[in-house]
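Have a look at the structure below before the remarks.
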Amino acid sequence: MSEHDVVALTRSLLRFDTVNPPGRERDCARHIGAMLTEWGFHVDYHEFAEARTSIVARAGGTGSKPPLCLTGHIDVVPLGSNKWTRDPFSGETDGDRVYGRGSSDMKAAIAAILLAARSVANRVSGTPGVVLVITAAEEGGCLGSQHLARTQLLGRAGAMVVGEPTSNYPYVGHKGSLKFHARFRGVSAHGSMPELGVNAIYKAARAVAKLEAFDFGVPPHPVMGKPTMNVGTFEGGNAVNSVPDAACVGVDVRTVAGMDHAALRTRLQALLGGETELEVFSDMNAVWTEPEHEWIQRVFEICRRHLGAMPEPRAASYNTDAGNLLKAYAGAPVVVLGPGEPQLAHQTDEYCSVERVRQSVVIYEELIRDWCGL
Ligand SMILES: [Zn+2]
C-alpha cells in the first residue's frame, strides 16, 4: 500500500514517536510537509522551540472569500503506566482497527485531512482554497497553536474544521479552560513552636475549601451544561517537624461559551486573597458556533448523508487548538469533526476504526468541495 491510502498513511504517521513531553514533532512535520509540497501546497514551518515543529500549508485562494481551514495536532500523549498489548508505534492492524498511540487522537485525522486535501490540490486554484494548520504541542496546553497565533503565518480562514476525535459526529463547540497554580506563602518555624510561624498549608487548605464551594453564578449553557472546577494538585511543606512556608494548589476550570475569563480571574483572585499569587498557565475561551449558522447547516447536511441521521447540536468536553487559532481567524465558524473515537483518546491500546477513517476522507473532501464550489 502506498501513502495514498489513508490507512497506510496513518500507520506511517504512527511510526514517528511524537510523545509529548518531550514532543520532537520535527521529523513527522517534515515528512508531512514534503508530501504537501509535492502535491503543490505552499508549506511554511514554524518552531516555537527546538524540534517543536508546526506546519501551515495552503493551496488555492482568491481575493474575496477566505480559505477553509482544516487543523489537527501531531503530538501524542505518553503511553501511560499500564502495559500495552499492541505495539504503540508500528500501526498494527486487526480487523477494523488500527492500533497505536495517537491513532484516535489524532494521526488518523491528520492522514484523512492530508488525503482529502491532496485530492483537490490541483483543482483549487482560483477558488477560496484551503489552509492546513498542523500543530505541535497541543497536548497539555496548546503551545504550538498559541505561538502560531502570534505569527503572520496563519493568514486568513473563513471557517475551521478541527479533526479531534468525534467518531465523525460534527460538534459545534467545546468548553474553554483556565488552568492556574495558586501559591501561598507562610513563615517557617520549628514544628514544636508553630506559634512562631505562619502555616502556608493551612492557608492553602482554607483556599481549597473556598474553591470547592465556588459558585460560578452563570446559568447552564443549553448544550455545554455547567462550568466546572477541579483542584488537581496540592503541594506544600518538606518536613513533618517544620511549619511550611510555601504551598501550592493546581486548579483546572472548564468554562462554557459566553463566560468572560478576565472577570472570572478577578473573582478568583478576590476569593483567594490579594497576597495569593495566581500563576495562570493556560487560558483559552470556550468555542461555540450557533447550530443555525449557515455553514454549520451545510456541514450537518454533509454529515447526515454519512451518519444516516441529521446531527443534533453537541459540544466536546475537551479543549482544542481552535481557541488559539480563532485569535487569527476571528469570527470563523468552527466544527470539531474527526474519525477518532473520543473515549479511546489517551487510553492504553488506543485504536481507531478503519471504516471511520475512510469515511472521514470523504467527509473532509466534501467539505472542501462545498467551500470551494468544486
Ligand atoms: Zn487531540
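The first residue in the sequence is number 1, and the count goes up from there. Atoms within each ligand, like the ligands themselves, are counted from 1 in listed order.
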TODO: Using only N, O or S atoms, tell me which atom of His73 is closest to the Zn ion (ligand 1).
DONE: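 Looking only at N, O and S atoms of His73, the one nearest the Zn ion (ligand 1) is named NE2.
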
TODO: Taking the six-membered ring of Tyr351 (Phe, Tyr or Trp), confirm whether the NZ or CZ of Arg86 is under 6.0 Å from its centre and within 45° of its axis.
DONE: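 Pair Arg86/Tyr351 does not count as cation-pi.
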
TODO: Report yes or no: does Asp105 have an N/O/S atom closer than 2.8 Å to the Zn ion (ligand 1)?
DONE: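 Yes, within the cut-off.
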
Open item on the list: Under 2.8 Å from the Zn ion (ligand 1), is there any N, O or S atom belonging to Glu164?
Closed with: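 A backbone or side-chain N, O or S atom of Glu164 is under 2.8 Å from the Zn ion (ligand 1).
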
Task: His346 side chain to Glu139 side chain, donor-acceptor N/O pair below 3.5 angstrom - done: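 The criterion, which ignores hydrogens and geometry beyond distance, is satisfied for Glu139 and His346.
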
Open item on the list: Under a 3.5 Å threshold, yes or no: a donor from one side chain and an acceptor from the other, between Ser177 and Asn319?
Closed with: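 A donor-acceptor contact under 3.5 Å links the two side chains.
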
- [ ] Kindly indicate, with the supporting measurements, whether the criterion salt bridge (Lys or Arg N to Asp or Glu O under 4.0 Å) is fulfilled by Glu275 and Arg185.
- [x] CA-CA 8 Å; Glu275 80 267 29; Arg185 306 260 165 240; over 6 Å; no

